[in-house]
Amino acid sequence: MQKRYTTFCISFDTPFGWLTLEATTKGLKRIRIGKFCDVEIKLGKNVGVPINRDDYRWVVRLLKKAKNDILDYLRGQVVGAIHKLPLHLDELTPMQIKLLRELKKIKYGETISYKELAECVGTSARACGRLLGSNPFPIIIPCHRVICSDGSLGGYSGGLNLKRKLLKLEHKS
DNA sequence: GGCACACACGAAC
DNA sequence: GTTCGTGTGTGCC
């Protein structure tokens, strides 16, 4: 039986549109494109492990730091900080975790094809596409740096327009 | 569990 | 441009 954790969320406006971050006491759990939270820090359903005041403070600090780091990244200022944020990976499959680790290795401004990525993790390009489509950490895990081997963009869970903008941001700086 | 199905692909024709 | 093989996750039974 998998442990369940209380989640907190925060929504904020960025140059690329609204983002919503979800976090637990183990780290960031999900990034969603859009506004799903209407107060500064929202407590989600308290579904599992009770949390104390210190845990609460830690999650709130994490959400605020993640927000600032993402904003810095999207403004093209500090680009490395978002990759150091703690992530809550308990609900991901081993294959997803392996793929996310490979993705983290892609440097800022570089791109890789689905095929190359597939070779790194020992699977097929089709499977990579399937896994990337369910990447819960767009932007932090740079799945926008994965493109088709013919140079076309492929797809993106946050929309191709966002993928194009993120690549443009990285290439001009 | 087992199965069918859906996919952000690639390669061969 | 069409077709097929591919690996994985998900939902249904």
Side-chain angles (χ1 to χ4, degrees), chain A residues 1-7 9 11-24 26-37 44-45 47-49 66 69-71 73-74 76 79-80 82-173:
Chain A
M1 177 67 184
Q2 198 165 51
K3 246 180 172 179
R4 298 170 77 189
Y5 292 85
T6 304
T7 58
C9 71
S11 289
F12 56 98
D13 199 10
T14 78
F16 294 75
W18 280 85
L19 292 180
T20 299
L21 308 181
E22 288 180 17
T24 70
K26 292 203 76 182
L28 281 179
K29 196 176 168 212
R30 187 154 68 137
I31 298 178
R32 301 166 79 185
I33 315 290
K35 188 182 180 184
F36 297 93
C37 169
K45 268 192 188 165
V47 292
V49 184
D69 288 351
I70 290 171
L71 283 171
Y73 166 77
L74 294 178
V79 298
I82 54 171
H83 302 313
K84 292 175 191 151
L85 293 167
L87 302 177
H88 180 151
L89 302 174
D90 286 9
E91 290 171 21
L92 300 186
T93 64
M95 201 61 189
Q96 278 181 307
I97 293 170
K98 202 173 167 185
L99 195 81
L100 297 189
R101 289 212 176 107
E102 282 302 318
L103 281 171
K104 271 190 159 185
K105 293 181 192 167
I106 308 172
K107 294 195 184 99
Y108 186 88
E110 287 183 357
T111 55
I112 187 174
S113 69
Y114 289 99
K115 189 188 173 188
E116 288 170 301
L117 182 64
E119 281 166 4
C120 290
V121 294
T123 183
S124 73
R126 193 76 195 86
C128 277
R130 178 72 187 78
L131 291 166
L132 289 178
S134 56
N135 172 19
F137 308 107
I139 299 173
I140 287 188
I141 300 292
C143 57
H144 57 277
R145 294 177 194 155
V146 186
I147 57 174
C148 290
S149 53
D150 65 0
S152 60
L153 283 184
Y156 193 60
S157 53
L160 272 182
N161 204 25
L162 179 59
K163 183 172 186 172
R164 203 172 292 118
K165 282 184 187 170
L166 287 170
L167 287 172
K168 202 172 162 188
L169 168 80
E170 295 194 356
H171 280 118
K172 79 177 173 194
S173 48

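Any value given below was found using the heavy atoms of this structure, including those in side chains, with hydrogens, waters and symmetry copies removed. None of the values given here were measured: they were computed from a predicted structure. Convention: sequence-line order gives letters A, B, ...; per-chain numbering from 1.
In this structure, A/His83 contributes its side chain and A/Ile141 its backbone to no donor-acceptor pair below 3.5 Å. Remark: side-chain polar atoms of A/Lys35 are not paired, donor with acceptor, to backbone N or O of A/Ser11 under 3.5 angstrom. Side-chain N or O atoms of A/Lys163 include one that pairs as donor or acceptor with a backbone N or O of A/Leu153 at under 3.5 Å. Using modelled atom types, no side-chain atom of A/Ser149 and backbone atom of A/Lys115 make a donor-acceptor pair closer than 3.5 Å.
The stretch residues 120-134 of chain A touches DNA chain B through A/Ala125, A/Arg126, A/Gly129, A/Arg130, A/Leu132, A/Gly133, each having a heavy atom within less than 4.0 Å of the strand.
Under the Watson-Crick or G-U wobble criterion, with both distances below 3.5 Å, C/dT6 is left unpaired in every strand shown. Pairing for B/dA8 is absent, with no Watson-Crick or G-U wobble pair whose two atom distances lie under 3.5 Å.
Exactly one of A/Thr93, A/Leu117, A/Val146 qualifies for a side-chain contact (heavy atoms from CB on, under 4.5 Å) with A/Leu99. That residue is A/Leu117.
Minimum atom distance to the side chain of A/Cys143 is reached by B/dA8, of the listed C/dT8, B/dG10, B/dA8.
Across the protein-nucleic acid pair, A/Met95 atom CE and C/dT10 atom P stand 14 Å apart, rounded to whole Å. Following rounding to the nearest Å, A/Glu119 (CD) and C/dT6 (C1') show an atom-to-atom distance of 14 Å. In this structure, CG of A/Asp150 is placed 16 Å from P of B/dA8, rounded to the nearest angstrom. In this entry the distance linking CD of A/Gln96 with P of B/dA8 reads 14 Å, nearest Å. The interatomic distance linking A/Leu153 (CG) with B/dC9 (P) rounds to 11 Å, in whole Å. In this structure, A/Tyr114 places its OH atom 17 Å from P of C/dT8, rounding to the nearest Å. A straight line from CG of A/Leu117 to P of C/dG7 spans 15 Å, rounded to a whole angstrom. Protein atom CG of A/Leu99 is 14 Å distant from nucleotide atom P of B/dC9, rounded to whole Å.
Between A/Tyr73 and A/His144, the two ring planes are tilted [angle within 30° to 60°].
Side-chain contact check for A/Thr6 versus A/Thr24: every heavy-atom pair is 4.5 Å or farther apart.
Using a 4.0 Å cut-off, some side-chain N or O of A/Ser149 falls inside it from OP1 or OP2 of B/dG10.
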